Amino acid sequence: MNKIVSIEEAVTHIRDGMTVMVGGFLGCGSPHKLIDALVEKGVKDLTLICNDTAFPDAGVGKMVVNKQFKKIITSHIGTNPETGRQMNEKETEVNLVPQGSLAEKIRAGGAGLGGILTPTGVGTEVEEGKEKMVLDGKTYLLELPLKADVALIFGHKVDTKGNILYQGAERNFNPLMATAADIVIVEAEQTVAVGELDPNEVMTPGIFVNYIVGGDK
Amino acid sequence: MNKIVSIEEAVTHIRDGMTVMVGGFLGCGSPHKLIDALVEKGVKDLTLICNDTAFPDAGVGKMVVNKQFKKIITSHIGTNPETGRQMNEKETEVNLVPQGSLAEKIRAGGAGLGGILTPTGVGTEVEEGKEKMVLDGKTYLLELPLKADVALIFGHKVDTKGNILYQGAERNFNPLMATAADIVIVEAEQTVAVGELDPNEVMTPGIFVNYIVGGDK
Amino acid sequence: MDKNEVKIVIAKRVSKEFKDGDVVNLGIGLPTMVANYLSPDIDVILQSENGFVGLGPAAEAGQEKKYIVNAGGQPVTIKSGGAFFDSAMSFTIIRGGHVDATVLGALQVDQEGNLANWKIPGKMVPGMGGAMDLVVGAKKVIVAMEHTAKGAPKILKKCSLPLTAVQQVDLIITEMGVMEITPQGIVLKEIHPEFTVDDIKAATEADIIVAEDLKPMEI
Amino acid sequence: MDKNEVKIVIAKRVSKEFKDGDVVNLGIGLPTMVANYLSPDIDVILQSENGFVGLGPAAEAGQEKKYIVNAGGQPVTIKSGGAFFDSAMSFTIIRGGHVDATVLGALQVDQEGNLANWKIPGKMVPGMGGAMDLVVGAKKVIVAMEHTAKGAPKILKKCSLPLTAVQQVDLIITEMGVMEITPQGIVLKEIHPEFTVDDIKAATEADIIVAEDLKPMEI
């Protein structure tokens, strides 16, 4: 199975109306080349799941400026005023989720869980519309799983089977999203041959990865 | 903060009646020296949380034979007939939990979650006494978190701050248990100086670890 | 067929169920033998629920490593391109639907696809280990077992032992044939040339629907 | 005190709250300054919710690495003995009670320990980021902020803005003093020598209980 594809072929898997997860935290650890290709392609009406909307001129924020999302599920939009503007003018639906709950919702999607109970958000606007449970006298919110049609992630070293090593703080949401989408596309900083990664140091097993782009440096 | 202690000092933290998590899968990745010291010490009426009860002459199975547990929470006892005997003769309470649910229960304990919803065990004896929820037409069981007074884990390379690398299949439940106990004691195969482990390859951050034993080879 | 031939027939037939790139979990015992018969033309990735993918053959004598063992505790190997992980990730893979097929033995299977393989009340309670998660989470559940136990049927109208999971079994492969669980019941798809349909019906408590295109068992 | 002195006073005082081995998360902005005043005699481990422990000082010019940034996106360093991890582990640490203290700014705090710092309806909605988890999960929640906003009190009887969390704040540290949230209300424990108790009461909407052993602010 050859998983290595061109960036042009990779983006054919993202079509109008799909739900897309994008790794990264303020752009650190985001698949920037894939994002640029999607801006170029102009695919639209997407639902975005991402930690934040980065900056107007960087990361997934470029796609916000290009008005490619109909809905955004995220923990933070403060660094991208365009997201706030689209939200306030009701051009884009923005669903704000506490960062830890967002991580668990994505993980639950990947792990086949029906949901998780978290104390985060109890007594705040976050609890609106969510089931509450009291266990041992403590109140929890039921947070439901998130899945996507496609996850776009970034890896530091990727072997041709799709095994991934992340570097530093670029890891963030990437390993979680790799488990929670029907199609997983990893943008590799560096592609290496099978056998070059120690099985102990692999952070995302290649079984999760469908396509690999880049890494030809 | 010096975390390195003698094995004699380490086992003073395990006292009669406590709940103890022990890493390992059929003894692979178990802290064998700590187990031997506990057999020697004879501490009793413990509640054990462990994937399995290993073998009568190996791993945590030695403590079963030594009758040190009043209750055992585990996924498998088939390799240790003494556990089955104690269960059938009602000497020891044995609570059987599906392995994936056991992993999630421990993780939930460490992560501050109130519980997780899993499809595993629906329609079986496992669902007895558990809350059921139907979401999107699928039935889930609510599995509650597990925590312990002490976790006894095994690491391949441990630095003096408690950062841990596991080797091969020895990882199993160790990283999960490291997050879910008041006191975490790691038995090191090898102890190294701070700085010898790449921050990218650390599997359990040292902040979880209270005491380090062994590793003086 | 002697006991050993029975096992080989079953393991060989199970090995035909997979395609290139499949992630497969093989249970302890007979299912483990399936690995010996996988076609070299396809890359089937074996998952070991104690914490890795890329499970390779048993370790050669003298080459055993205490930190590379399978879910039964035997010394094995890991293939190039494999990866180790913790039990939470192992069951993320299993429960999350990332395993294409799981192959397990059974004490009983029934025509609704129910499975019992973890407990005989009052006699034997090994525990479910990872079986309940595997059966619920894998995309395809294959029961690989001898057709009968000491002559008594194991394929029943309704399991009498405590269940491992409800309505999750897709396929039953025995030395007598290949049976698919469908909403209509158990459909016999392939038959081993040594047996007749009547032999199978006699050895099975559940109703058997014979496929219109019943084929000889592919081994 | 000018603006800069105010910040230094607050950051210095916050830095006294920690002991050897504490795991601490410092929010973006003023709280980040606390790192500059930590005693070299103790090892305080800083957690960065984007995925590591062992956060070190800002990266020197020319030494920035795109893969080592803090939760505000600035290039930083990681200390020897630190560790990187994914966001699930980061919030296992945070939500699971493994952070000894979190230091955050606030738009409003009230005498019940409620906190508002993520939304001004109709005006500014940056989102909560990791703040809701930090405030619920950390063993000790320290609000570090200027006592007033353009002269208007920020320490209120009851928050009017959307809450970040209910009854989680333990301590408020401003340039005027140190206040503890207790079941009886807000207790003024330390006061900056430049201010009187009446100054503080005038700048605070919430009721202020003066500690019997009121001390000068330790800086």
Side-chain angles (χ1 to χ4, degrees), chain B residues 23-29 51-55 58-59 74-81 83-84 87-88 94-104 106-108 110-111 118-126 139 154 156 166-178 189 203-204, chain C residues 28 48-52 55 65-78 82-97 112 114-119 121-137 159 161-168:
Chain B
F25 193 115
L26 294 177
C28 172
N51 177 61
D52 54 73
T53 55
F55 306 95
T74 188
S75 81
H76 199 264
I77 62 172
T79 53
N80 192 336
T83 315
M87 177 177 69
N88 289 336
V94 176
N95 188 341
L96 289 165
V97 182
Q99 199 168 110
S101 301
L102 187 63
E104 287 297 320
I106 295 166
R107 182 180 180 277
T118 178
T120 303
V122 170
T124 76
E125 287 183 7
V126 167
T139 307
F154 181 74
H156 173 55
Y166 305 98
Q167 185 172 33
E170 289 174 350
R171 199 178 319 182
N172 55 69
F173 281 77
N174 285 303
L176 306 173
M177 291 175 172
E189 188 158 42
M203 298 169 189
T204 289
Chain C
I28 295 167
S48 197
E49 70 261 32
N50 56 321
F52 57 112
L55 174 67
K65 305 223 184 304
K66 73 178 175 66
Y67 53 86
I68 311 181
V69 297
N70 65 16
Q74 282 97 28
V76 290
T77 52
I78 185 167
F84 291 107
F85 34 74
D86 68 22
S87 297
M89 174 53 98
S90 188
F91 284 85
T92 284
I93 292 171
I94 288 169
R95 196 192 313 97
E112 293 173 16
N114 299 317
L115 168 69
N117 71 352
W118 73 282
K119 182 174 182 179
K123 273 181 74 177
M124 185 201 71
V125 190
M128 65 292 281
M132 285 192 179
D133 297 281
L134 278 161
V135 172
V136 165
C159 290
L161 292 173
L163 296 183
T164 304
V166 175
Q167 296 182 358
Q168 296 290 345

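Since we're looking at a predicted model, the values are computed, not measured. The sequence lines fix the lettering, A, B, ..., with proteins before strands; numbering per chain opens at 1.
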Take Phe91(C) and Gln99(B), measure what side chain to side chain contact (heavy atoms under 4.5 Å, CB included) needs, and give me the verdict at the end.
CA-CA 8 Å; Phe91(C) 284 85; Gln99(B) 199 168 110; 3.3 Å; yes
Considering only heavy atoms, which portion of [X] lies under 4.5 Å from any heavy atom of chain C: side chain, backbone, both, or neither?
{"X": "Ala169(B)", "value": "both"}
{"X": "Phe173(B)", "value": "both"}
{"X": "Met87(B)", "value": "side chain"}
{"X": "Thr79(B)", "value": "neither"}
{"X": "Pro98(B)", "value": "both"}
{"X": "Val97(B)", "value": "backbone"}
{"X": "Leu176(B)", "value": "side chain"}
{"X": "Leu26(B)", "value": "side chain"}

So, for [X] and [Y], which heavy atoms are closest and what is the spacing to 0.1 Å?
{"X": "Leu96(B)", "Y": "Val125(C)", "answer": "CD1-CG1, 3.6 Å"}
{"X": "Asp86(C)", "Y": "Arg171(B)", "answer": "N-CD, 3.8 Å"}
{"X": "Ala88(C)", "Y": "Arg107(B)", "answer": "CB-CD, 4.4 Å"}

Does Glu125(B) have any side chain to side chain contact (heavy atoms under 4.5 Å, CB included) partners at least two apart in sequence or in another chain, and if so, which?
Glu128(B), Trp118(C), Lys119(C), Pro162(C)
Tell me, please, which residues at least two apart from Tyr67(C) pass side chain to side chain contact (heavy atoms under 4.5 Å, CB included).
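For Tyr67(C), the residues satisfying side chain to side chain contact (heavy atoms under 4.5 Å, CB included) (neighbours in sequence not counted) are Gln167(B), Glu170(B), Lys65(C).
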Checking Ala131(C) against chain B: side chain, backbone, both or neither under 4.5 Å from a heavy atom?
neither
Interchain contact, Gln167(C) with chain B, by part (heavy-atom threshold 4.5 Å):
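Neither part; nothing is under 4.5 Å.
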CG-SG distance between Asn50(C) and Cys28(B), expressed to the nearest 0.5 angstrom
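SG of Cys28(B) is found 7.0 Å from CG of Asn50(C).
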Would you compute the distance between atom OG1 of Thr124(B) and atom CG of Leu163(C) and round it to the nearest 0.5 angstrom?
7.5 Å
I'd like to know if the side chain of Asn172(B) pairs up with that of Ser87(C) as donor and acceptor (distance under 3.5 Å, no hydrogens or angles considered).
no
Keeping Arg95(C) on the side-chain end and Gly100(B) on the backbone end, is there a donor-acceptor pair under 3.5 Å?
yes
Relative to chain B, which of [options] shows the most heavy atom pairs under 4.5 Å?
{"options": "Gly129(C), Ala71(C), Gly51(C), Ala165(C)", "result": "Gly129(C)"}
{"options": "Pro126(C), Gly127(C), Ser48(C)", "result": "Pro126(C)"}
{"options": "Met89(C), Met124(C), Met128(C)", "result": "Met128(C)"}

Under a 4.5 Å heavy-atom cutoff, which of Pro119(B), Gly84(B), Gly121(B) has the most pairs with chain C?
Pro119(B)
